[in-house]
Structures are given as structure tokens and as C-alpha cells.
Amino acid sequence: MKRFGKGLYKKSDTIPEFHLNNDDYGNSSLSNDIGQNEDLLKNIFQNCSDIVYRKIVVAGKLQWLVIYIENLVDEQLVDDHVLKPLIAKGTDQHELPVDEVEVLDDRTISVGVSHTTSEVVEIVRNVLNGHAAVLENGDNKAMTVMVNGFAKRSLEEPSSESVIRGPRDGFIENISTNISLIRRRLKTSKLKMESFTVGEVSQTQVIMTYMKGIATDSLVDEVRERINKIQIDGILESNYIEEFIEDFPFSPFPQVQSTERPDVVAAELLEGKVALITDTSPFALIVPMTFWAGMQASEDFYMRWPIATFVRWIRFIFIIIAVFAPPLYVAVTTFHQEMIPTNLVLSIISAREPVPFPAVIEALLMEITFEALREAGIRLPRQIGQAISIVGALVIGQAAVQAGIISAPVVIIVSITGIAAFTIPRYSFANGIRLLRFPMLFLAGTLGLYGIGLGALGILVHIMTLRSFGVPYFTPVVPLTFKELMDTLIRAPIWAKTRRPPSTGSNNPIRALQGQKPSPPENS
């Protein structure tokens, strides 16, 4: 175990150089001979049957060569804005001799985003990202034009963050669509989008977005530095980024907030936080994250504030139940029976009489079974998953009680605990809370209430030592900041939230003018 730990923490003085994507063409440039350039690209894309080489010959001589990947581009865009203008130019004798590539960009190619380069590696990278490359005879430069057109799903309501009242659009796997969803909500030039390419093989685009003038420069610089340090072969989902940039990787509590909702990202950006959008992932990352952000749902801000505050306190109560209910049952029934009223003790003893296991084993069996049912319900197709959940909860639970394997009180306790965990709005945060129940059960089964006390103290100490990009995880409660409590323990009215959180929005603290509390007209 010690050796395993050393392996995880092993650091080298120099970062080994990646070489997965550095082929022989790594530093080569195009030549003036279009035939040589064609051979070079065909050698690079050898055995790639989806690469299209479209040649345009003028006066019996190859004049232009257009290269693209047929499944990554919109072929209508390629036909209308690249191929047809080039063919028309080639048939117009007055236009010959042919201009340079830069002039093509101005006079012929009618696509908004284009780039001219002579570096082969850059041309290959753009083609792999869905661009079309235009090579010209007698010129050692190529123009790449953005004609992306790969398939994408339509906008849908996020399944992990559904609301009764609020926007129904959610992020999808296309990064351009996700950026547009944020831009539609924050129409200002202060909204910055910095692009990074992460992953030696996947070449995944990651966009760091923040509000200039609200987010602190130190936070933006820290996020930028952590992204630039990532060296890996591929980024397949935003969780890859999350695990590289979080502060405490062994903690059960997430220190990076993930969301499928563009309105949540827009709201957090207005509080001075930084968001990361990853191509091919519908989940955006937001930093820094606090404990209380894990307890807030986007719908809190779309319902009346007294109701939202009440619901928020319900969550606070149920998160305590989610962690401590099964351990308390085990501790009390095993070591501290005197704390239970006599009638209740007799009822529990009567229910547990046929059960051959001690209370801690009984609770662990039920908790593990519950987690297995939950996992099966998620992984199976939706129709079968619902059936599995109902069969598991009703049939197997009832049968296990009648068979004397478990007692009815444990079924009740575990059921309430499961419901309590589902009230936590952030899925990754709820996962961490569920995980805490198991060590707490061991402590309760061995040390009783003293064990629960030790476990609770350990959890509190751990939470208070966590940091997320320099921000204490338990802020604003520890360290205590009265100004931020207005949006933590209660959901203050929108007109009362006149200042941004000091921990992230100190650059521009004022978010609304004071004195906007609504009231009836004076003459009414």
C-alpha cells in the first residue's frame, strides 16, 4: 500500500515529452510544388478512407487541391463556398494567372472563419477538426476554412438538473452550441472565451470563460496555469479536466462544480467564477466550488424566496439524515438501548428477533443492496431500470423481511436515507455524501455514539481544511462572512442581493442598486 501511494505521488524533475502525435511531418512546411504537397498529405493520411481529395484542374494542370474529412464537414458549405467559387475562378480566363492563397481568402472563398498557414502540423490539425484545407499550385501556403458539419443532437432539458420553473435548454456535446447558449444570456464584450487544446491525440478544445472585471485576475491565471499543465493522450469528458485541476483528489467532496445548465454557468460567471467548457461533453465545470454550492439548485432562484429558503432548509435536514440515520440506528440498537422508549425498544426487538445478523451487518447489507439497485436502475435501459427499482424496493425488500434476513426497521431507515440523499441537487455532491455512510456505519457498529461523534468531527475537520482554488470550502460559515450568509442559509430576495460574494467577486462587488424593494404606490 505504501509503495502504491508512492507511485501515485511520484514526481519527476522534468515532464517527459509526449510523442504520440509527433509524426515525421512534425516540423515540416509546405513547398511550392502542389504535387509534393499532395504526396505528403496522402502519406500522412495513409489508410484514411474518409479523407476527400478534391482536385481542380485548369488548362490541364492541377491548380487547387481541397482536402477535408467527409463526415466532419457540411458538404453543402464545401460545395457552395469553396468548390464552386474555385471552379468558377478557374474557368474565367481573365482571372488567370491565379492569385496567392491570401488573395483567395479575400476574393473567392466566402466562409467566415479561415486561416492561412504553411505548417503541415497545423493543416493536419485543422482538417481533423472539420476544416477544409485549400492548397494552391506555386504557393507554399494553404488556407483552412471552417466548414464543420458533423451530427449533433438537439437541445433538451438536462436530465440530471430538471426544474419545474426555469429554462429547459441544456448543454450538448457540441462546444459551439454551448458557447452560444452562454452568449445568449450574457450579451457583453466583457464575457471572455479563451481556447485551449488539451490531449495529445484527442486534441480536445477546452474553452475557459469568465467575466472580465468581475473575476479576479489571480483566479483566471490559476485556472489557465492548471489547464496548461495537463499532459495526457486524450480528453474524452470534462471529468478528465476536473480530476487534473482539483485541489484534493482523495476527498469524497467535489471541489469543481459540474452542470448541464447554461443558466447556472451564466449566474456563476456573474458572481466572479470561472467556467470550463469541454468539446464533446455536455457538462461544464465551474470553479471555485463551495460546500453550500452543492446544496443549491438552480430552481431556488426561480421560485419565491420564502419557499426557496424553506426547501433549502429541508435539504440541510435531509443531508444530516442521509449521513447519520443508519449509523444512529446501529449505535442505539447495539450499545445504547436505554435511549429509546421502552415500547419502541420492544417493537424493534420483536422485529429483529428472527434476524441472525447484528444490526451493523444488517444495515450494511441493506445499504449495499440499495446502492446495487440504484446502479442497476441507472445502467439499464429506462423502461427496464424502472421495473428493476420497483421490483427491488417492493418485492425483494418485503420478501427479505418475511424470510427473516433483515428487519422492517432497517428497511424503513435505509429507505428514508435513500430519499434524503436524492434531495441533494448536485449529483456529484450527493455521491460523496452517500459514500460517507459506510465508514460511519463501521464506527457506529464498533464504538457506538462515540464512534459517530469521532466520525462527525473528522468530517467537519476535513471539510474545513478543503480549498477550491484558494477559496475555503466551507465559506462563508468557516471562515464566517456575514455578507455571504444571505445566499447560503437563506435565499434572499433578488432585490436584496446587491453585492457579489467577496470570495469571488471582490473586483466588482456591486451587482444591483439598493432601494429596489417593491412596495405598493403611496396613494393606494
Side-chain angles (χ1 to χ4, degrees), residues 1 250-253 291 313-374 392-393 396-424 429-466 474 477-478:
M1 187 67 186
F250 294 110
S251 173
F253 295 99
F291 177 89
W313 275 97
I314 290 290
R315 292 194 202 112
F316 293 153
I317 294 170
F318 273 83
I319 192 175
I320 296 172
I321 293 175
V323 177
F324 295 106
L328 278 174
Y329 171 79
V330 170
V332 170
T333 56
T334 306
F335 299 101
H336 313 283
Q337 296 89 347
E338 69 279 3
M339 296 180 65
I340 313 175
T342 305
N343 290 339
L344 185 56
V345 169
L346 293 175
S347 176
I348 292 175
I349 290 174
S350 173
R352 294 203 66 251
E353 189 175 9
V355 179
F357 307 113
V360 61
I361 300 297
E362 192 184 359
L364 280 172
L365 282 174
M366 271 306 295
E367 287 288 354
I368 293 171
T369 305
F370 180 81
E371 292 297 326
L373 287 171
R374 189 191 65 83
I396 297 179
Q398 183 65 26
V401 171
Q402 291 180 348
I405 300 174
I406 56 174
S407 62
V410 168
V411 176
I412 297 170
I413 293 290
V414 172
S415 302
I416 293 174
T417 306
I419 294 170
F422 289 135
T423 62
I424 301 171
F429 191 75
N431 286 340
I433 295 298
R434 287 207 312 271
L435 185 65
L436 293 177
R437 281 205 296 270
F438 293 95
M440 291 297 294
L441 275 173
F442 279 111
L443 289 171
T446 53
L447 300 175
L449 289 179
Y450 299 105
I452 293 177
L454 287 173
L457 185 62
I459 293 171
L460 278 177
V461 171
H462 175 68
I463 291 176
M464 291 176 191
T465 55
L466 286 180
F474 216 48
V477 176
V478 177

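Nothing here was measured: the structure is a model prediction, and the numbers come from that model. Scope of the values below: all heavy atoms of this structure, side chains included, with no hydrogens, waters or symmetry mates.
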For residues 315-324, the salt bridge (charged side-chain N to carboxylate O under 4.0 Å, His left out) pairs (sequence neighbours left out) are D300-R315
Could you tabulate the donor-acceptor pairs under 3.5 Å formed by side-chain atoms of residues 453-466, not counting sequence neighbours?
residue: H462; atom: NE2; partner: S251; partner atom: OG; Å: 2.7
residue: T465; atom: OG1; partner: V461; partner atom: O; Å: 3.2
residue: T465; atom: OG1; partner: H462; partner atom: O; Å: 2.8

Below 4.5 Å, heavy atoms only, C-beta onward: do T423 and I314 meet side chain to side chain? no
Please list, one pair per line, the donor and acceptor atoms closer than 3.5 Å that link side chains of residues 316-340 to other protein atoms, with sequence neighbours excluded.
residue: T333; atom: OG1; partner: Y329; partner atom: O; Å: 2.6
residue: T333; atom: OG1; partner: V330; partner atom: O; Å: 3.3
residue: T334; atom: OG1; partner: V330; partner atom: O; Å: 2.6
residue: H336; atom: NE2; partner: L449; partner atom: N; Å: 3.1
residue: Q337; atom: NE2; partner: T333; partner atom: O; Å: 3.0
residue: Q337; atom: NE2; partner: T334; partner atom: O; Å: 3.2

Residues pairing under salt bridge (charged side-chain N to carboxylate O under 4.0 Å, His left out) where one sits in residues 431-445, two or more places apart or in two chains, turn out to be E367-R437, E371-R434, E371-R437
Those residues at least two apart in sequence (or on a different chain) that pass side-chain contact (heavy atoms from CB on, under 4.5 Å) with L365 are F357, I361
In residues 407-421, what donor-acceptor pairs under 3.5 Å come from side-chain atoms, sequence neighbours left out?
residue: S407; atom: OG; partner: E362; partner atom: OE2; Å: 2.5
residue: S415; atom: OG; partner: V411; partner atom: O; Å: 2.6
residue: T417; atom: OG1; partner: I413; partner atom: O; Å: 2.7

Can you see which heavy atom on I424 is nearest to which on I433, and at what distance? CD1-CG1, 3.8 Å
Is it the case that atom CZ in F442 sees more than 12 heavy atoms from other parts of the structure closer than 6.0 Å? no
May I ask you to test the F253-N431 pair for a side-chain heavy-atom distance under 4.5 Å? no
